[in-house]
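Shown next, in C-alpha cells, is the structure this report addresses.
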Amino acid sequence: CKPIELKWDKGEKTFSENARLVAWSEADKSDKREFKLEADGNSAKMANLFRNTEYCYQIIDGDQASQMGKFVTADYTRMITMGNISDTYRIKFS
C-alpha cells in the first residue's frame with residue numbers, strides 16, 4: 001500500500017510545522033482529509049485514497065490557504081493501510 005505523493009513548487013514560501021494538505025472529492029467537502037507536509041515543504045504523501053477519483057486540495061497554514069488544485073487518482077487496485085495488520089489479511093476493494 002504505497003501512498004500517493006503530491007508535489008508542488010512552493011517557491012520562496014516557508015510553512016509552519018502545523019501546515020497541512022487538505023484534500024476532498026465531494027463538492028460539499030464531507031470527505032475532507034488532512035495530510036502532513038513532508039519536511040521539504042513541497043510535497044505530501046496521502047494513503048487510502050479512492051481509485052479513479054478527482055480530488056481537490058489546498059495547503060492550509062494557520063489562517064492562510066493556497067489556491068485550490070486538482071488531481072485524479074489512477075485506476076488501480078486499492079489497498080488500504082490499517083495499523084499493524086499483516087499482509088496476509090489484505091483486503092481488495094473495487
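Annotation: side chain of P3 is not in contact with side chain of M46 (no heavy-atom distance under 4.5 Å).
Within 6.0 Å of NZ on K13 lie more than 12 heavy atoms contributed by other residues, nucleotides or ligands. More than 12 heavy atoms of other residues, nucleotides or ligands shown are found within 6.0 angstrom of CD on E5.
Proximity of a side-chain donor or acceptor of N42 to a complementary backbone N or O of K10 within less than 3.5 Å is not detected. Listed for the W8 side chain is a donor-acceptor partner under 3.5 Å among the backbone atoms of G41.
Rounding to the nearest 0.5 Å places NZ of K32 at 13.0 Å from OG of S25. How far NZ of K7 is from CD of E38: 9.5 Å, rounded to the nearest 0.5 Å. Taking CD1 of I60 as the start and OG of S66 as the end, the distance is 6.5 Å to the nearest 0.5 Å.
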For this session: Please step through side-chain contact (heavy atoms from CB on, under 4.5 Å) for the pair L49 and R33, ending with a clear verdict.
Result: CA-CA 10 Å; L49 298 179; R33 297 180 50 207; 3.6 Å; yes

Item to check | Stepwise side-chain contact (heavy atoms from CB on, under 4.5 Å) check, F15 with D40 | outcome: CA-CA 9 Å; F15 296 107; D40 59 14; over 6 Å; no

Practice task
Carefully, step by step, assess R51 and D75 under the rule side-chain contact (heavy atoms from CB on, under 4.5 Å).
Solution key: CA-CA 5 Å; R51 68 186 194 148; D75 190 13; 3.3 Å; yes

Self-check item: From CA spacing to verdict: side-chain contact (heavy atoms from CB on, under 4.5 Å), Q58, Q67
Solution: CA-CA 6 Å; Q58 285 184 299; Q67 290 184 328; over 6 Å; no

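A continuous path of Ile, Leu, Val, Met, Phe, Trp and Tyr side chains, each step under 4.5 Å between heavy atoms, connects F71 with I59, placing both in one hydrophobic cluster. The cluster map of Ile, Leu, Val, Met, Phe, Trp and Tyr, joined by side-chain heavy atoms under 4.5 Å apart, puts Y57 and V22 in different clusters.
When each of T73, V72, I4, L6 is tested with Y55 by the rule side-chain contact (heavy atoms from CB on, under 4.5 Å), just one qualifies, namely T73.
A cation-pi arrangement is found for K29 relative to W24, the charged atom lying closer than 6.0 Å to the ring centre and inside a 45° cone about the ring normal.
A donor-acceptor contact under 3.5 angstrom links the side chains of D28 and S30, judged on distance only.
What you find for F35 and A23 is that their closest heavy atoms are CE1-CB, 4.1 Å.
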